[in-house]
Amino acid sequence: MPEGCPLSRFSTSDLSSNTGPDQDGVVSAVPAFFPSAEARKQVDDWLTNELALASERVKSGRVSPQATVQDFSARLEAFDFSRPLPSTSVLAWIIGNMIDGIVHVDHPRYFGLFNPAPTFPSQCSDRIASTFNPQLATATTSPFPVALEAFLIRALGHRLGMPSGASGHFTNGGSEANATAVICALTRASPDFATAGARAFSGQPRLYTSEAAHLAWLKIAHNCGIGRSAICLVPTDGHGRMDANQLAASITQDIKCGAVPILIASTAGTTGAGMVDPLGACSEIAKQHMVWYHVDAAWGGALMCSEKLRGALSGIEAADSITVDGHKFLATTMGCGIFLTPHASTLSAAFHVTMDCMPSNTAEWDPYVRSMQWSRRFIGLRLFTSLATAGWQGYAYHVERAVALTQMLKIELIKRGWVCLNDSPMAVLCMRPPAGAASPTSIAQSVVAGGSAWISTVDFEGQSAVRFCITSGETTPADLADLIRSLDNAA
Ligand SMILES: *Cc1c(COP(=O)(O)O)cnc(C)c1O
């Protein structure tokens with residue numbers, strides 16, 4: 001499809017039939033928005049076919065984009081919303097630009113951040129959700145979707161070993177789930193927080209997480225109104241895990257200074273290196289100081305599916321709340337975060353509200369009175385259909401396979417003189433190139449520019465390293481061999 005100006009490519013001859021009003025101006029709908037059932041099916045079938053072809057093209061093409069955001073901005077300047085185009089022209093133009101204009105996280109040689117190649121059932125789910133467009137704010141408006149999500153939340157809570165009756169909901173992502181934990185912790189810590197906000201506390205509220213944690217915590221503290229200085233980044237232990245002794249010392253010191261410890265957030269699967277904080281020790285410290293204990297398992301939580309690997313999450317069952325992302329290791333389409341807690345009453349204390357126009361207001365069922373969102377998409381369907389069609393065993397295989405491929409890559413690179421810095425039970429490696437080779441940054445840049453694979457760099461315990469993560473469920477040993485060839489050339 002075209003790279004340049006879209007307008008030169010398309011005819012606007014059917015413009016009037018596409019947008020013209022009938023004589024009264026109220027009888028017919030806008031045809032571009034609401035085509036006839038027959039026209040709709042035609043476009044749908046065409047789109048299904050185009051997307052399948054695009055998917056094939058992506059897998060045999062470059063992983064990284066063909067042009068920069070400035071190039072695409074310039075192309076878009078040619079767009080004119082006063083000159084509507086036929087829908088297939090617009091959609092074809094978009095698909096062409098998607099092929100050229102993104103890092104293809106669904107490419108089998110994308111070894112990048114935790115963005116997965118999405119499962120086919122989750123893609124189908126998005127299509128179903130888009131077709132019906134259910135409103136999940138209340139159980140009254142969407143009894144089936146709300147019941148389905150509640151069922152799935154209970155199943156996930158059970159799988160993670162939470163006490164029966166685990167509550168929670170789907171979020172837009174891990175950041176929203178982590179923010180939910182902070183609001184719950186603040187709400188439980190002081191009965192005045194709901195009305196007085198941060199002024200409810202006698203001193204600065206404090207949240208503890210490690211230096212290797214996902215730094216969305218800073219934004220969360222800012223957004224919750226307790227300020228970024230609320231975050232205490234506890235040093236790591238030399239292996240990328242929170243140092244529990246330092247955690248205990250920081251809390252003691254803070255209390256002495258009049259600060260108010262609110263929450264400890266351990267990470268199970270750090271973003272950089274897939275390390276797991278000492279969950280049991282952190283949980284004990286939380287209990288001792290009566291602070292909320294959260295485990296951020298946005299990526300690593302997927303290990304719950306595997307009997308072989310789930311031991312790495314041991315201790316998570318004691319958490320007051322847990323974050324897992326469907327759209328990471330569980331490979332759903334984007335925007336499928338999960339918040340789990342055994343404290344249903346704290347959730348409704350934190351998010352309750354009444355508004356006359358809403359069809360119902362029950363703490364037990366209605367998502368809008370127990371979560372941050374109001375209008376709510378059918379997020380959980382993506383994970384439900386994936387689990388329903390592959391089962392826990394399918395997910396176990398998906399996760400174990402990624403970990404096994406990671407070990408294969410590690411062994412191959414060590415043979416070539418690379419050094420592995422992290423010892424993660426998950427599917428990510430932080431590796432130093434052999435002595436005398438190019439720097440991690442220049443190796444990563446060279447591989448990405450070549451287009452055959454996508455990797456990144458990371459700072460692990462003060463050392464710069466190349467980061468490799470198996471994120472696609474379709475990566476094969478042959479893809480690893482390709483990657484190693486690119487690395488040999490770059491190093
Ligand atoms: C990705 C990630 C987050 C943020 O989640 P989003 O879904 O991107 O909002 C938080 N914590 C960890 C450990 C993560 O890997």
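Numbering of ligands and ligand atoms starts at 1, following listing order. Everything quoted here is computed from the prediction, not taken from an experiment.
Side-chain contact between Met426 and Leu303 is present, with heavy atoms from C-beta onward closer than 4.5 Å.
Taking any N or O of Trp299, backbone or side chain, none lies under 3.5 Å from an N or O belonging to ligand 1. Below 3.5 Å of separation, one finds no N or O of His214 facing any N or O of ligand 1. Looking at ligand 1, you won't find any N or O of Glu176 less than 3.5 Å from one of its N or O atoms.
Atoms of ligand 1 found under 4.0 Å from any heavy atom of Phe114, numbered from 1 in the order shown, are 15 (O). Atoms of ligand 1 lying under 4.0 Å from any heavy atom of Gly174, numbered from 1 in the order shown and given with element: 5 (O), 6 (P), 7 (O), 9 (O). Interface atoms of ligand 1 facing His327, defined by a heavy-atom separation under 4.0 Å, are 7 (O). For ligand 1, the atoms lying closer than 4.0 Å to a non-hydrogen atom of Asp325 are 5 (O), 6 (P), 7 (O).
By the neighbour-count criterion of 12 heavy atoms within 6.0 Å, atom CD of Glu474 is sparsely surrounded, having that number or fewer from other residues, nucleotides or ligands. Other residues, nucleotides and ligands place no more than 12 heavy atoms under 6.0 Å from the CG atom of Asp423. Tyr397 OH: 12 or fewer foreign heavy atoms inside a 6.0 Å radius.
When only non-hydrogen protein atoms are considered, atom 12 (C) of ligand 1 lies nearest to Asp296 OD2, 3.4 Å.
In summary, the aromatic rings of His104 and Trp454 are positioned with their centroids too far apart to meet the 6.0 Å limit.
For the pair Arg159 and Trp392, the cation-pi test (distance below 6.0 Å, angle within 45°) is passed.
The side chain of Lys328, and not its backbone, has at least one atom closer than 4.0 Å to an atom of ligand 1 (non-hydrogen atoms only; side chain from C-beta on).
Although no hydrogens or angles enter the test, the distance criterion places a donor-acceptor pair under 3.5 Å between the side chain of Thr141 and the main chain of Gln135.
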